[in-house]
2 protein chains.
Amino acid sequence: MNIDRIRAAAARLEGHARRTPMLHSPFLDEIAGRRVLIKAECLQHTGSFKYRGARAALSALDDETRARGVLAFSSGNHAQGVALAAREYGVAAVIIMPADAPRIKIDNTRAIGAEVVLYDRAGGESREALGAALTEARRLTLVKPFDDAEVIAGQGTCGLEIAEQATGFGVREADVLVCCGGGGLTSGIALALEADAPGLRVRPVEPVGFDDVNRSLRSGMIETNRATTGSICDAILTPSPGTLTFPILHRLCSPGLAIREEETLRAMALAFERLKLVVEPGGAVALAAALFRRDDIAGDAVVCTISGGNVDSAVFERALSTVGSS
Amino acid sequence: MNIDRIRAAAARLEGHARRTPMLHSPFLDEIAGRRVLIKAECLQHTGSFKYRGARAALSALDDETRARGVLAFSSGNHAQGVALAAREYGVAAVIIMPADAPRIKIDNTRAIGAEVVLYDRAGGESREALGAALTEARRLTLVKPFDDAEVIAGQGTCGLEIAEQATGFGVREADVLVCCGGGGLTSGIALALEADAPGLRVRPVEPVGFDDVNRSLRSGMIETNRATTGSICDAILTPSPGTLTFPILHRLCSPGLAIREEETLRAMALAFERLKLVVEPGGAVALAAALFRRDDIAGDAVVCTISGGNVDSAVFERALSTVGSS
């Protein structure tokens, strides 16, 4: 895995992935006590960065393999990314989703044209067995959500843009806070910044209780979360970093941060108020860290990702009401 | 008023105003029955296009005049735009606002650093008398919300971007639906498109009952709304088009459209769900027209502005609940 693969993915994504804006607000700067630059990846196609990796993976397949169709496991954002990339190529996408995933993500995945197969996550049904049977029977290609070189390369294209945009704002030395599940986006951005903006240091941000990457960075080996559900940050509850992503994270990342639920909700409300962006809980933890962990961050500026915006209106209203009408 | 003035404003705004993205969603295209390109001006500084005109007006003043400070009348978005432009120049801004304006707009205007003077709109207090007294006493320069050549030029810079971005999407012939109050944005965009993309025809969009511009276009003379309050679209309840904006609108605009409140709320909910954008009611009417007036629009594509995102959370929650949780 190296920078050339990310640049190759960027060339293939040109004209397909959206170059998302880097936003800022004096109100947020004041809360954070420093300049906050926000990569608004919730404005990416399908509402999250996942489209980048999905399009990169599908575009790397040979025509014959791709034509047979693809399969993915996903609680939602990866599902939509794969579904859209498959639709663009006119090939089938089968998505295996937990039955308790947010309804908007299931509905959207179907509406994009994918075939959605639900499994009982809480009841312990094996999605892997389900996927293996489908893959075998229909000769589909599995598109992994993060532990795949082409997927990491696709997410890394977000890092190329961060390097260019942050430099455009005159920011060359700063922490780059990234919402982190399995580490695909985090490792891709870290590799891109190593090459293009080495003064920008990636730090993974996770929910409290689901900080497997943070703990893995500290221990130097892959650690696993005890719980798999029980956080509003559904998009980033991956049990552990991947075998491909972890060595990259370990080599390149500064210490991670873990965010409480009320901080996540407050960050969502502030993104509503100050940025006019809809952010999902799992996409808001890095902004929460930028805003509410002033003493854990160094420097005059901080960069953070808003990685997704696929949130049910009930959860969004909860975020707005938590902080009160304003 | 001509295109050179808009280009001059664009040069002065370079590096200050944000070049907002043009977004689209296959879900919205399906509802509209054609391609919908959305100029996301809610992502502009201060959450609306008004910053463009304010910065253009302040940057056109000579240093000595500007240093004495500026004054504006505004229900909110123009206020914030003027307040930020004044702060950037380090000069005083006095903003006269109706006491019943959305709290977020009053709070934000103060937080940006302006001095806010409230007046009793419903009770018939004269804001003009209040403003004249202040202008006289402190030798402030009035920055009008729309009926000023530099303000129109500033808003027109949004039109230069629309011309370039729509052409980038291959759209050269289309209706361009613009949220319309006094006509500053609408006339500015119309002038820019006349020069740079003459196949794009501007159509003003207003709330039902506040369609003074629509009626003025039909009658050929300036018409006035009977009501001045009673719509959720607070940003665009101007009683009549301006003496500068109307001749431009009359010369360049195709027929306007008027939107019902439930359509506005539904457009806000769809922008939440499909674009991940926070849109205020007055900023959503053009999107509503693009989505729900299929038979009143011609062609394979339509362009619309989302002109602002400064909405109280209570109104936003109402939009989400109107269409149900999804």
Side-chain angles (χ1 to χ4, degrees), chain A residues 15 18-27 30 38 40-48 83-84 87-88 102-105 107-108 111-113 168-169 268-269 271-280 283 306 308-326, chain B residues 15 18-27 30 38 40-48 83-84 87-88 102-105 107-108 111-113 168-169 268-269 271-280 283 306 308-326:
Chain A
R18 194 174 272 156
R19 182 186 166 88
T20 56
M22 183 166 274
L23 304 175
H24 56 95
S25 156
F27 292 100
E30 194 171 316
I38 297 141
E41 199 62 14
C42 55
L43 299 177
Q44 188 53 264
H45 300 303
T46 72
S48 91
L84 180 59
R87 181 167 111 160
E88 290 170 346
R103 212 187 91 199
I104 187 176
K105 296 188 179 180
D107 289 352
N108 285 353
I112 296 167
F169 280 106
M268 290 169 66
F272 162 84
E273 190 178 356
R274 301 306 180 190
L275 301 171
K276 312 308 170 191
L277 292 179
V278 175
V279 185
E280 65 182 278
I306 283 182
N310 291 313
V311 54
D312 277 309
S313 57
V315 173
F316 196 74
E317 286 175 33
R318 198 177 136 209
L320 296 187
S321 64
T322 299
V323 294
S325 186
S326 63
Chain B
R18 194 174 272 156
R19 181 187 168 86
T20 55
M22 183 167 274
L23 304 175
H24 56 94
S25 155
F27 292 100
E30 194 172 317
I38 297 142
E41 199 61 12
C42 55
L43 299 177
Q44 188 53 264
H45 299 304
T46 72
S48 90
L84 180 60
R87 181 166 109 160
E88 290 170 345
R103 211 187 91 199
I104 187 175
K105 296 187 180 179
D107 289 351
N108 285 354
I112 296 167
F169 280 107
M268 290 170 65
F272 162 84
E273 189 178 355
R274 301 305 182 189
L275 300 171
K276 313 308 169 190
L277 291 178
V278 175
V279 185
E280 66 181 278
I306 282 183
N310 291 313
V311 53
D312 276 307
S313 57
V315 174
F316 197 74
E317 287 175 33
R318 197 177 138 208
L320 297 188
S321 64
T322 300
V323 294
S325 187
S326 62

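Because only heavy atoms are used, hydrogens play no part in the values below, and waters and symmetry mates are left out as well, while side chains stay in. Sequence lines set the chain letters: A, B, ... in the order given, protein chains first and strands last, and positions in each chain run from 1.
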Hey, which of A:Gly308, A:Pro21, A:Gly47, A:Ala111 has the most heavy atom pairs under 4.5 Å with chain B? A:Ala111
Do you know which of A:Val279, A:Asn108, A:Thr20 has the most heavy-atom pairs under 4.5 Å to chain B? A:Asn108
Smallest separation among heavy atoms of [X] and [Y], with atom names:
{"X": "A:Ile112", "Y": "B:Phe27", "value": "CG1-CZ, 3.8 Å"}
{"X": "A:Leu320", "Y": "B:Phe316", "value": "CD1-CD2, 4.1 Å"}
{"X": "A:His24", "Y": "B:Arg18", "value": "O-NH2, 3.1 Å"}
{"X": "A:Arg87", "Y": "B:Pro26", "value": "NH2-CB, 3.2 Å"}

Residues in salt bridge (Lys or Arg N to Asp or Glu O under 4.0 Å) with A:Arg19, at least two apart? A:Glu164
What pairs with A:Glu30 under salt bridge (Lys or Arg N to Asp or Glu O under 4.0 Å), at least two apart in sequence or on another chain? none
When rounded to the nearest 0.5 angstrom, what distance separates CD in B:Gln44 from NZ in A:Lys276? 13.0 Å
Could you tell me the separation between the CG atom of B:Asn310 and the CZ atom of A:Arg274, rounded to the nearest 0.5 Å?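 CZ of A:Arg274 is found 9.0 Å from CG of B:Asn310.
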Just wondering, do A:Leu275 and B:Val278 contact through their side chains at under 4.5 Å, heavy atoms?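 No - every pair of side-chain heavy atoms lies 4.5 Å or more apart.
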Residue part contacting chain B, namely of A:His45, when any heavy atom lies under 4.5 Å: side chain
